[in-house]
Every structure is written in C-alpha cells, then in structure tokens.
Amino acid sequence: MNLGYACINLTLQHECKITTNRGMIQRTFREKGIQYASQLALQNVRDLLDIVRWNEDHGVGLFRVSSDVFPWASEYRLHQLPDFAEIREYLEAIGRTSVRLTTHPGPFNKLAGEGATLQNTFSDLEHHSEVFDYMGFMPSHHNKINIHVGGAYGDKAGTLLRFARNFTTRLSDSLKKRLNLENDDKPGLYTVAELMPLYEAIGTPIAFDYFHHSLHPGGLSEREAFELAISTWTDATPVCHYSDSRRTYEDPTARREAHSDWVYNFIQTYGSDVDIVMETKMKELSLLKYREQFLMPQSSPVLSD
DNA sequence: CGGGGTCAAGTCTCG
DNA sequence: CGAGACTTGACCCCG
C-alpha cells in the first residue's frame, strides 16, 4: 500500500519556499501574458521535482499533483510557452521517479454540462492528460485524472447519460484511459452505488472517498461501498481518499464537510491492497504522523510498554 | 513588508 | 437567497 497526500508539502514550503501553485489574477495575465505564465510554470515544475524527490526520499510512493502548476493553462498550449524546452525536461525528470502521480482537476469541470462549460471542461481535462503525456506515462489509471460528475441538474439518470455520451464521443483515447470518478459527500449527488452504472457503461473506475461516504452512504456500509469501488480498478492499484471529520475531532463548529488537519483513526482496507491519498490539511506531516502512530509496531503502546 | 480585499470557471448546500 | 466550498489560499495593492 502506498500512502500519499495532495499538492502541497508543508515542510518544503516553509523551509525553502518550494511550492507548485504560483499563479496570477486575470488582470496580471492580460498585462504580462504567456511570457510571465511561462516563468511561473518553470518555477512550479522545478519545485514539483523537488517535492516528488522529497517523497521518494521519505518512502512516500503516491502524490497528487496540483492543477495550478500551469497558470491560465486554458489560454495556451504547453508547447507555446517560451520556456517549454526546459519545462519539458523537468516534466520528464518528474516522470522518471518512482512516485505514483495522480491529479484532481477542479470543480468547474462538468462533463455532463453543455456549451462553453463543456468546452472548458474538455480543454482542462485534456490539459491534465497532456501533462502526464509529457511526463512519459503510458495512459492508464495508474496515473489517474480524478473528477466528480459535477452536478445532478435535477435529473441524476439523464445527467449520467450525458456524461457517458460526452466521455465516449468527445475525449481523446489517452484521457479516456486516465479518467476516473469519485463518490460525493452531498445527498443530491452521487454515491458509489450510483456511479456503478456509469462505470459499467464507460469503464471509469471509482475512487472510494471514505469521508464522503460517511456523509452520504446511500444505504451501503463502508465495507460494501469500499469493495464495490475497488472492484472497478482493472488496470491499476485502486486509489482511495481519506480524511477524518474536522467537526468530530477538532472543531465542533466546523461545517460537516470540513476535512481534519490530522488522521485520527486506523484506515481500514479490509485486507485489500489499495493506495490512499490523505486529504488532510497537515499534508505530509499528517502522513508521517499516521505512519508512526498506526503502522510502526515498535511505537504501539502495547508493545513498547 | 504586513494586512486585507480580491480573485476564472459551475453547482450545490448551508446559514 | 447570498456566501462559501470544492483538490489548493495566494496575488496584488496600499499604507
């Protein structure tokens, strides 16, 4: 099992200002254009390599790449960036590491949407796939591009049909082989069971999100939903997302959907081999702490006393 | 250089 | 019915 975390390494961020999400507001992009976007992207990929190598050095075999590495990516093609040759070398170096890289494009991606929304979704998702191409990854769910269905539009079944049609007819083959779905935390959206027909229609595996499931289980036990979800991964080790509840463990006034800073419970995988992305606010720190608390026998209170 | 207002996109839910 | 959240607070201006 690989444990991983998402987008930010707090240790490197605080010690060396290493981050991958340099960006700019729209006005700055209008004023400075692709030239400046290229400079920021170059710094971002350089730092991404440092973060991925840090992960390797610390036995962290899974990492979610931020979607902010290329600022305003929808406004240009990667090969048009003035610094592209150098950027590409960094992407290739990142791809040669042993860390399993995944990504999670933003909530504006609506593959069941229409018009400009749908066009923007195609462009953003293909961008994520292209970055993985430059990293040298064969298209598969080993390097997943994880999204939510993104809305129900008052008609869950019809929305899934539109999603499946757009997936089948409008996406590149590489993207199709990388895209996967995730269960939602809101009652109006999709449980693992509700995503199964979509998986059966178009083959998009389901990343099981423990916390979302706890908020919106749809009649299945955690074990049932977990096992259903991991049964959909046929070309790669299943990925699950984990967080505890901030409201339960850290702040009774927090929203019920808020993620915790740390992990407080042993992550039950029911005997299956899965990879787990920790979606906790303390990032790699919560991962290191979890490993010490729950995975290293010598630190168990029972044995060390 | 620190603090605060502001910031692309869509949809849903909370307050 | 508007603000806040979502995978992630950071940018940018002003004092």
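The analysis underlying the following values was restricted to heavy atoms, covering all of them including side chains, and did not include hydrogens, waters or symmetry mates. Labels below follow one simple rule: chain letters A, B, ... track the order of the sequence lines, proteins then strands, and each chain is numbered from 1.
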Distance, rounded to the nearest Å, where A:His212 contributes NE2 and C:dA5 contributes C1':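 Interatomic distance, NE2 of A:His212 to C1' of C:dA5: 11 Å.
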Spacing of the P atoms in C:dA3 and C:dT7 (rounded, Å):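 Looking at atom P only, C:dT7 and C:dA3 are 22 Å apart.
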Watson-Crick or G-U pairs under 3.5 Å in DNA chain C, rendered as dot-bracket with [ ] for crossing pairs and | for another strand: ||||||..|||||||
Residues touching DNA chain C, which here means a heavy atom under 4.0 Å, drawn from residues 128-142 of chain A: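 Correct list: empty, so none.
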Would you tabulate the side-chain donor-acceptor contacts of residues 60-75 of chain A under 3.5 Å, counting partners in other chains and residues two or more places apart, or write 'none'?
unit_1, atom_1, unit_2, atom_2, d
A:Arg64, NH1, A:Glu279, OE2, 3.3
A:Arg64, NH2, A:Glu279, OE2, 2.8
A:Ser66, OG, A:Asp68, N, 2.9
A:Ser67, OG, A:His128, NE2, 2.8
A:Trp72, NE1, A:Met24, O, 3.0

Matching residue for A:Arg178 among A:Asp133, A:Asp173, A:Thr102, A:Thr103 - test: side-chain hydrogen bond (donor to acceptor under 3.5 Å, both in side chains):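 With A:Arg178 as partner, side-chain hydrogen bond (donor to acceptor under 3.5 Å, both in side chains) holds for just one option, A:Asp133.
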Steps toward side-chain hydrogen bond (donor to acceptor under 3.5 Å, both in side chains) verdict (A:Asp209, A:Tyr242): CA-CA 6 Å; A:Asp209 188 307; A:Tyr242 192 92; over 6 Å; no
Looking at every strand, decide which applies to [X] at a 4.0 Å heavy-atom threshold: base, sugar-phosphate, or nothing.
| X | answer |
| --- | --- |
| A:Thr117 | sugar-phosphate |
| A:Ala116 | nothing |
| A:His148 | sugar-phosphate |

Nucleotides bounding contact with chain A, strand DNA chain B, heavy-atom threshold 4.0 Å: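 Contact span on the strand: B:dA8 to B:dC14.
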Dump the pairs, protein N or O against N or O of nucleotides 8-12 of chain C, anything under 3.5 Å, distances to one decimal.
unit_1, atom_1, unit_2, atom_2, d
C:dT8, O2, A:Asp68, OD2, 2.5
C:dA10, OP1, A:Gln13, NE2, 3.3
C:dC12, OP1, A:Thr28, OG1, 2.4

Hey, can you pull the donor-acceptor pairs under 3.5 Å for the side chains in residues 31-42 of chain A, sequence neighbours left out?
unit_1, atom_1, unit_2, atom_2, d
A:Ser38, OG, A:Asp83, N, 3.0
A:Ser38, OG, A:Asp83, OD2, 2.5

